[in-house]
Amino acid sequence: MASQTTPTSSKRRHGRQKSGIPDEPFILQGWVARESNVVDKLLNRRYAALYPHVFVTYRRDTDDAPSKVWPISAGTTVSDVQAQQYNLRHKHTSTLMAVARGRYDQVEMWGFTVAWHSYQPGGDTLKLAFDTQEQAEEWHTAFQDAIDKQSTRKVARTDSDRSVSSSFRDDMPSPQSIEPRRAASQVAQGGGAQQEAAGPRRIAVPADGAARTASGGNGGSARRSRAWASVLHVNGVAVYVEEQDADGEGGAIMVSAIVRAPPSDVFKNLVQQRRTEGLGVLMGARVVEKIDANTQIIAQQWKPVGAIGGLCAPREVVLLRTWRQDSDDGTFIVLYQSVEHRTVPRSRRGGWYSPVRVEVQAAGFTVSPLMSKYVKLSGVDESQESLVTLVLKADMGGLLSEQSALARFAGPLGFAAMRSVLEPVVTSVVLLRDKVEQDRFVVRPLSMSAGEEAAEEAVELPRPRLQRTTTMLAYRKEPLLAAQKHAAEAAAAAATPLMSALHPAPGLPTVPEAPAGAGDVPLAGEAALDLAAANAWAVGGTCDPKYWECPGDAGFKLRGATYLADKKKTPAGPPMFELVAVDLLQLEDHMFDVCRHLPSVRQSPAPFLFCVQLMVPCVPPISLVASWAAPTAVAGKSPAELVAEYEQKTGGPAPDSVRAFFTGLTEFLEGDGKEADAQRNKRFKLIPNIPKGSWIIRQSVGTTPVILGQKLTTKYARGSNYFEVDVDISSSSVAASVTNLVAGATKSLTVDLGVLLEGQTPQTLPEQLLGTIRLNAIDLKSAAYLDEATGRVFKAGTM
């Protein structure tokens, strides 16, 4: 196959591509044979294009993005054209198969070598071969002309057009140990202040962004600008490498991405305070020490990625991070520099997988807003888009260090290792973009963050103190929960002698005297005493208190007073009733009116209990019963009576929310039968929320209020001191599947539930929470067993 070439023309196959190829005419393009980076003398056919500043190759002539990019600089050289024997790989054959099975042809071709005197990600040399000497000479001449043009360019280099990496390097202190208090004072000093020899010199933050230098630099010195070339793509983002001089200047990498969010939001995510490491290198670093409002010491480790990355040691950075905002255009500038810190010593183990310290010579983010003319067009005060740019020049350490002799001869393997280390750094820009953009939405998978949030906070939700409403304080000084606990203690204390009297230990010579009032008890009465004594342990509820608590308003939002007109919801107040007991029960089969068996209800000191039973569809059947206590007898009273009692207790007028609550509650409790239950089905509402748990479960459950009677089979029962709502979750296949998902992971969940009666008229608005409950990592296996036939409640594991 002949290597066809095309000279410069107005009809170009490749103009500006996603990879950052300049939008300028090419010098030459066509098919070439390029020597493999892995096997010497093995040639691969590639479509190539030579531009004034770069040489690129494509796997196919129809590709939009190049597979390789090499910059053309004054330091690039080309050897003479020579004829040589090569192995030309067959089409559609991999390098490995070509070598292993001999799928190549030995051919004589004409070629030359392009060489760079500094490290290039594509390798230090590039060997090209052609079918004829004429084609080789044509490409050789084109390369030489491009190099000559670079050599003859005379560009005056002032402070304003110095390279980004040089700007960072000139403005940052040399690596050294930071004494935090001294560093803080020096960071705040002015530009020409004399620094102590023992301390780090002042960090001069560039006044015009990451690519601009502070005044007082090498102003006006004529230095040649270095070129940037796109060398690879990571997650759709181009990575640029700066040309490196013979004296080591340059060699930085640059990544840039547009973020659809205000610069202030991007900045907050970039420098947020973290106690543990999160996702993204630099942006996910933990804060080791806070020096002042704009300066921190941060640390982070990351693992190289890919197959080669598994052979590389983890990398570690300890950095001084400082930031500011440009007063002229609003650009945020965050700078990094390697330091030593006493809390993060260097690893001395010397093992293959011991962390290798990366020396960051200069690094920084700029978060730039749109130009003012584009902000005005959008009709807002703040830019709604940001350009995030990361520039990094660092010695990656270990075998990849610039000082490592092995790295100079590693060739393609060294490049693969370098990429495996750098890729997580580059990906951090992508993670930053995705997280900030997704934070704008109601449902966010970056809670991507499920893992991210857990890593960032790594703290449990605080246990809220029980919130008591004005109503409760007015009626009782002692919380009903405390009264319930006292009743449980009293029942347990009375049960011990009673059980001894009813069931004497075998083999004793005498029968103990029965307690007062226990003599001449008929059989039925004796059985009742026996049952009461056996169930005394459950008066406080069968569910361990470590699994439940009252979360107060739980952050819920309810219908406001004007909801019928404006559909607006307002933050909820504390619940009206007090959570006093929770029962977790294992049953032979779900039953309605379960409260008639529960000691926590039958022996409760509360004047009135509102109980909700959630029948969980699992094997064996499980029921969760939550009991909220009212400080006064509610059943049978009118709203006016309840309001009058409230005003008498408080000595003041009842708020609208209290009046609306009492009106809705009395309407809900009034009546029996199908018609009354049908009205209740339209009013009973439950609000779920999972503040802690996996993203999938949180989205499956959601936070939407549900009128349970319209979705699930719901029945109602009443006793002498309680009103019970029974919800059969298994009556809906959708609800059952979601509940089974939650039930299988309860040990890792925090679940908040709010119970209320929906306000549907002006007289029942604003809405008020009746009660709330938080379930913390509840273990369903701890459920007590309820024997329906006898009413006996057995502790878990005693059956």
Side-chain angles (χ1 to χ4, degrees), residues 159-175 178 183 187 200-215 217 226 228 237 239-242 249-259 263-264 266-272 280-285 287 291-300 302 317-339 358-369 386-396 422 424-433 436:
D159 280 343
S160 63
D161 60 28
R162 295 166 68 189
S163 74
V164 180
S165 64
S166 296
S167 300
F168 279 143
R169 187 174 55 257
D170 292 343
D171 292 329
M172 297 298 289
S174 56
I178 294 294
V187 167
R201 62 185 178 88
R202 183 182 67 88
I203 301 174
V205 179
D208 295 318
R212 292 166 279 185
T213 57
S215 59
R226 290 187 292 274
W228 292 81
V237 175
V239 181
Y240 296 85
V241 172
E242 186 186 27
E249 293 286 325
I253 67 167
M254 178 172 65
V255 184
S256 192
I258 295 175
V259 181
S264 57
V266 179
F267 172 74
K268 289 175 184 177
N269 279 272
L270 189 58
V271 298
Q272 60 183 301
V281 179
L282 298 181
M283 67 168 283
V287 176
I291 296 177
D292 60 30
N294 290 12
T295 311
Q296 300 169 339
I297 305 294
I298 62 173
Q300 190 172 25
W302 75 91
V317 289
V318 180
L319 303 170
L320 174 71
R321 177 168 69 187
T322 183
W323 61 83
R324 63 181 292 273
Q325 185 178 18
D326 193 300
S327 58
D328 294 331
D329 58 20
T331 297
F332 289 95
I333 304 149
V334 185
L335 300 178
Y336 302 84
Q337 175 71 6
S338 283
V339 295
V358 174
E359 299 297 337
V360 176
Q361 301 163 22
F365 282 92
T366 60
V367 184
S368 176
S386 308
L387 180 63
V388 179
T389 302
L390 166 65
V391 177
L392 171 70
K393 181 172 173 59
D395 187 335
M396 291 299 162
L422 284 175
V425 181
V426 175
T427 303
S428 66
V429 176
V430 180
L431 288 172
L432 176 63
R433 178 193 66 192
V436 174

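Partner Leu392 forms a side chain to side chain contact (heavy atoms under 4.5 Å, CB included) with one of Val255, Ile253, Val358 and no other, that one being Ile253. If you run side chain to side chain contact (heavy atoms under 4.5 Å, CB included) between Arg433 and each of Ile258, Asn269, Val259, only Val259 comes through.
The side chain to side chain donor-acceptor pair (under 3.5 Å) search around Thr427 returns none, not counting sequence neighbours.
Taken to the nearest 0.5 Å, the OG1 atom of Thr331 stands 12.0 Å off from the CZ atom of Phe267. Note that OG1 of Thr366 is 6.5 Å distant from CG of Leu387, once rounded to the nearest 0.5 Å. To the nearest 0.5 angstrom, Tyr240 atom OH is 10.5 Å from Thr389 atom OG1. Taking CG from Leu270 and CG from Leu390, the interatomic distance works out to 9.0 Å, rounded to the nearest 0.5 Å. A distance of 8.0 Å separates CD of Gln337 from CG of Leu320, quoted to the nearest 0.5 Å.
Minimum heavy-atom separation, Pro369 to Asp329: CG-O, 3.1 Å. Of all heavy-atom pairs between Ala293 and Trp323, the closest is O-CZ2, 3.1 Å.
Aromatic ring pairs are classed by plane angle as parallel below 30°, tilted from 30° to 60° and perpendicular above 60°; the pair Tyr336 and Phe365 is perpendicular.
Listed for the Ser338 side chain is a donor-acceptor partner under 3.5 Å among the backbone atoms of Val360. With Asp395 contributing its side chain and Glu359 its backbone, the two residues share no donor-acceptor pair below 3.5 Å. Panel note: side chain Thr295, backbone Thr322; no donor-acceptor pair is recorded below 3.5 Å. Side chain of Gln296 to main chain of Val287: no donor-acceptor pair is present (N/O by atom type, distance under 3.5 Å, no hydrogens or angles).
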Step-by-step side-chain contact (heavy atoms from CB on, under 4.5 Å) determination, Val425 to Trp302: CA-CA 9 Å; Val425 181; Trp302 75 91; 3.9 Å; yes

Steps toward side-chain contact (heavy atoms from CB on, under 4.5 Å) verdict (Arg321, Ile297): CA-CA 6 Å; Arg321 177 168 69 187; Ile297 305 294; over 6 Å; no

